[in-house]
Amino acid sequence: MENRVYNYLNEKAPPVREDRLKACSAFGGSCCALSEGIRKGCLNGTRRQFSQTQGCTLVLSLAILNTVRNAVIVVHGPIGCGGGNIFFAGISKMFKQLRDPKAEGLIWINTNLDEADSISGGEAKLKEAILFAEEEFRPEAIIVVNSCVPAIIGDDVESVAKDLQKRIAAKIVTVHCEGFKSKIMATAYDSVYHGILRNLVIGNEKPQKDFIDDEERYKAELVKSKTVNLLNVSSMSHSDELELKRILEALGLKVRILPCYSTPEDFEEIHEAALNVSICSTHDDYFVGHLKEHYNIPYILETIPIGIENTNKWVLDIAEHFGLRQEAQRLVEYETRELNKALEPYKKALANKTVFLAGGEIRVLATAELLQDLGLEVLGMKGYHFDEFGEKLIPTVKNNDKMVFNIATGQPFEQSNLLKNLKPDVYVGHVGGNVWAAKQGLPVFPIFSQAVNYMGYSGVFEVARRLNRILKNNSFNKNISKHTRLPYYDSWYEEDPFKYIENQGK
């Protein structure tokens, strides 16, 4: 993957993933058909005759940007844009204070564009908001998040930021994440990293230290040669971070965790590392690719530490770079042996239970391998989008030739149809999208959340323990299903769930 050229930083915004990665946003069928379609490049143009809900790249961008410490977020748009920040506020404050007890919670400003601004422009309001953020809060960075309305009317956000940067101390970071530009929500990650790279990383490196002597220089270079940038995501838990850090430190490596819950100043040292390590290629390929282009830092991208096999591969890939293969082999053998002993009672309880998975493409495929290892049967999966990174993980899932895969951001009508007919014992999904399954009476395991440890070796144990507990008593959701219903006719459940998807590689 390092052969791809990353050279988009001269533009104000990155290309959408439909263009850059030929990502697919609509599909229904078997894993094998999906894999073949991606390889042939014939799923990029799929579309729906009918669509119910769609994710917004601005919301997903804020999920990362709201974690930055010592920063103020300026949402440039109508008052509704950024309203989801209320959801993030408590999580943001708690996790920031885990890094620094004195850290402040989430601070955001909305430029509140109205009908008159949509005609005359909103640049004056943006300028006022940035100056207010500087004078009132004195942050290290002011992050301007550009929404649909100012993008459509042509507000020159970059010129406003460039002009004001001469007058204020905070670094202004512009992020163009207008929701109408892409059906692939993950384009948001590229937008965020584009803004961080242009405004906090490239050209903002800390000056090279003057060493007293060769010994001091050697010590500094030694530290750098063992430093790993571990790229976290906003939907992982602090326990996940501690687990992955524990594993890498057991190999004698120094771990620096970012971008989530970092300060703007932390990015000034990101180039002082021997390796960039991703836990999810969906999040990080744009970032690590540009860091390789500018600083020649190699990266580990295509493995994710979810499940025993994937975690083992993740550890060994990292160790290979540092010449620590033998040490890592002993570590994974020990961890695997001890974990399997602890999992024995749970495997007996979970054997032959059936499950349906929903979430990001990389995570659902990796989690499918985890659940199959615990003895569950995976009936189907739903991914928010699909591209070449997911295609490489499909072979890790057993019986994938028979398994149904739905590509959809939102589109709960397709999922509801699938769940009605597949009848899984449990639904495993991403926080924020589980209510539809709960209304159908299914026990829900919200695996991808800040409250759950699901990565690394301890994550496998936690998933097994929690899943066992949930399956023992699912009466709550059964009672919900008796007193509520989904907004679909009974006849819909007799239809092909993918009848509204066109051009699936045909």
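One-based numbering along the sequence shown. What you see below is based on every heavy atom in this structure, not just the backbone, and it leaves out hydrogens, waters and symmetry mates.
Within 6.0 Å of CZ on F180 lie more than 12 heavy atoms contributed by other residues, nucleotides or ligands. No more than 12 heavy atoms of other residues, nucleotides or ligands lie within 6.0 Å of NZ in K245, so this atom counts as exposed by the packing criterion. Within a 6.0 Å sphere centred on CD of Q326, heavy atoms belonging to other residues, nucleotides or ligands number 12 at most. Around the CD atom of E11, the shell of radius 6.0 Å holds no more than 12 heavy atoms that belong to other residues, nucleotides or ligands.
One N or O on the side chain of N417 and one on the backbone of E495 form a donor-acceptor pair closer than 3.5 Å. N400 contributes no side-chain N or O that, together with a main-chain N or O of C32, makes up a donor-acceptor pair within less than 3.5 Å. At least one donor-acceptor pair under 3.5 Å links the side chain of N421 to the backbone N or O of Y493. Under the 3.5 Å distance criterion, the side-chain polar atoms of S25 are left unmatched by any main-chain donor or acceptor of H385. The main-chain N or O of E391 is never found under 3.5 Å from a side-chain atom of S35 such that the two would form a donor-acceptor pair. A donor-acceptor contact shorter than 3.5 Å links the side chain of N232 to the backbone of C260. Side chain of S191 to backbone of H176: a donor-acceptor contact under 3.5 angstrom is found. One N or O on the side chain of N477 and one on the backbone of L442 form a donor-acceptor pair closer than 3.5 Å. The backbone N or O of N7 lies less than 3.5 Å from no partner atom in the side chain of E293, so there is not a single donor-acceptor pair. T57 places a side-chain N or O within 3.5 Å of a backbone atom of C177 that can act as its donor or acceptor partner.
For the pair T67 and K96, the tightest heavy-atom approach, listed with the atom from each and the gap, is O-CE, 3.5 Å. When all heavy atoms of Y189 and T282 are compared, the pair lying nearest together is CD1-O, 3.5 Å. For the residue pair R363 and V233, the shortest heavy atom distance occurs at NH2-CG2, 3.3 Å. Among all heavy-atom pairs drawn from F50 and Q411, the shortest one is O-OE1, 4.4 Å. Closest of all the heavy-atom pairs between S182 and V16 is CB-CG1, 3.7 Å. Of all heavy-atom pairs spanning A358 and Y427, the tightest one is CB-OH, 3.2 Å.
Defined by atom type and a distance below 3.5 Å, a donor-acceptor pair is missing between the side-chain atoms of D190 and T187. Judged purely by distance below 3.5 Å, without hydrogens or angles, the side chains of S239 and N453 never pair a donor atom with an acceptor atom. When only modelled atom types and interatomic distance are considered, N310 and T396 share no side-chain donor-acceptor pair under 3.5 Å.
At least one side-chain heavy atom of Y295 sits less than 4.5 Å from a side-chain heavy atom of I202. Using a 4.5 Å heavy-atom cutoff, the side chains of F413 and L486 are not in contact. No side-chain heavy atom of S278 sits less than 4.5 Å from a side-chain heavy atom of H283. Looking at heavy atoms from C-beta onward, F27 lies out of side-chain contact with I501 at the 4.5 angstrom threshold. P443 is not listed as a side-chain neighbour of D425, based on a closest heavy-atom distance of 4.5 Å or more. Two residues are said to be in side-chain contact when any heavy atoms from C-beta on lie closer than 4.5 Å; V228 and I300 fail this criterion. Side-chain contact between Y346 and L467 is absent, with no heavy-atom pair separated by less than 4.5 Å. At least one side-chain heavy atom of E388 sits under 4.5 Å from a side-chain heavy atom of L21.
For the atom pair CD1 (I64) and OG (S61), the distance works out to 7.0 Å, reported to the nearest 0.5 Å. Atom-to-atom distance recorded for L350:CG and L471:CG is 6.5 Å, nearest 0.5 angstrom. Between atom CG of residue N473 and atom NZ of residue K478 there is a gap of 9.0 Å, rounded to the nearest 0.5 Å. Here OH of Y457 is found 5.5 Å from CG of L331. Values are rounded to the nearest 0.5 Å. Taken from CG in L248 to CD1 in I318, the straight-line distance is 4.5 Å, to the nearest 0.5 Å. The CG atom of L106 lies 5.0 Å from the OG atom of S92; values are rounded to the nearest 0.5 Å.
Ring geometry for Y6 against H290 counts as perpendicular: the plane angle is over 60°, on a 0 to 90° scale with 30° as the lower cut. The aromatic rings of Y488 and W436 sit parallel, their planes meeting at an angle under 30°, below the 60° perpendicular limit. Aromatic ring orientation, Y286 versus H194: tilted (interplanar angle from 30° to 60°).
With sequence neighbours left out, H294 forms a ring-ring contact (aromatic ring centres under 6.0 Å, His included) with no residue at all. Looking at residues two or more places apart in sequence or on another chain, you find a salt bridge (Lys or Arg N to Asp or Glu O under 4.0 Å) between K341 and E338. Among residues two or more places apart in sequence or in another chain, the salt bridge (Lys or Arg N to Asp or Glu O under 4.0 Å) test is passed with R330 by none.
Using a cut-off of 4.0 Å between Lys/Arg side-chain N and Asp/Glu carboxylate O, R39 and E36 are scored as not salt-bridged.
Listed by first and then second residue, the side-chain hydrogen bond (donor to acceptor under 3.5 Å, both in side chains) pairs involving residues 370-380 amount to none (not counting sequence neighbours). Among residues at least two apart or in separate chains, salt bridge (Lys or Arg N to Asp or Glu O under 4.0 Å) pairs with a member in residues 448-468 are E462-R465, E462-R466. Among residues at least two apart or in separate chains, side-chain hydrogen bond (donor to acceptor under 3.5 Å, both in side chains) pairs with a member in residues 253-263 are N229-R256, T263-D266.
Exactly one residue among I304, I306, I279 makes a side-chain contact (heavy atoms from CB on, under 4.5 Å) with W314. That residue is I279.
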Before giving the answer on salt bridge (charged side-chain N to carboxylate O under 4.0 Å, His left out), spell out for E243 and R246 the whole-Å C-alpha distance, their side-chain angles and the decisive distance to 0.1 Å.
CA-CA 5 Å; E243 166 68 355; R246 174 189 73 84; 2.9 Å; yes

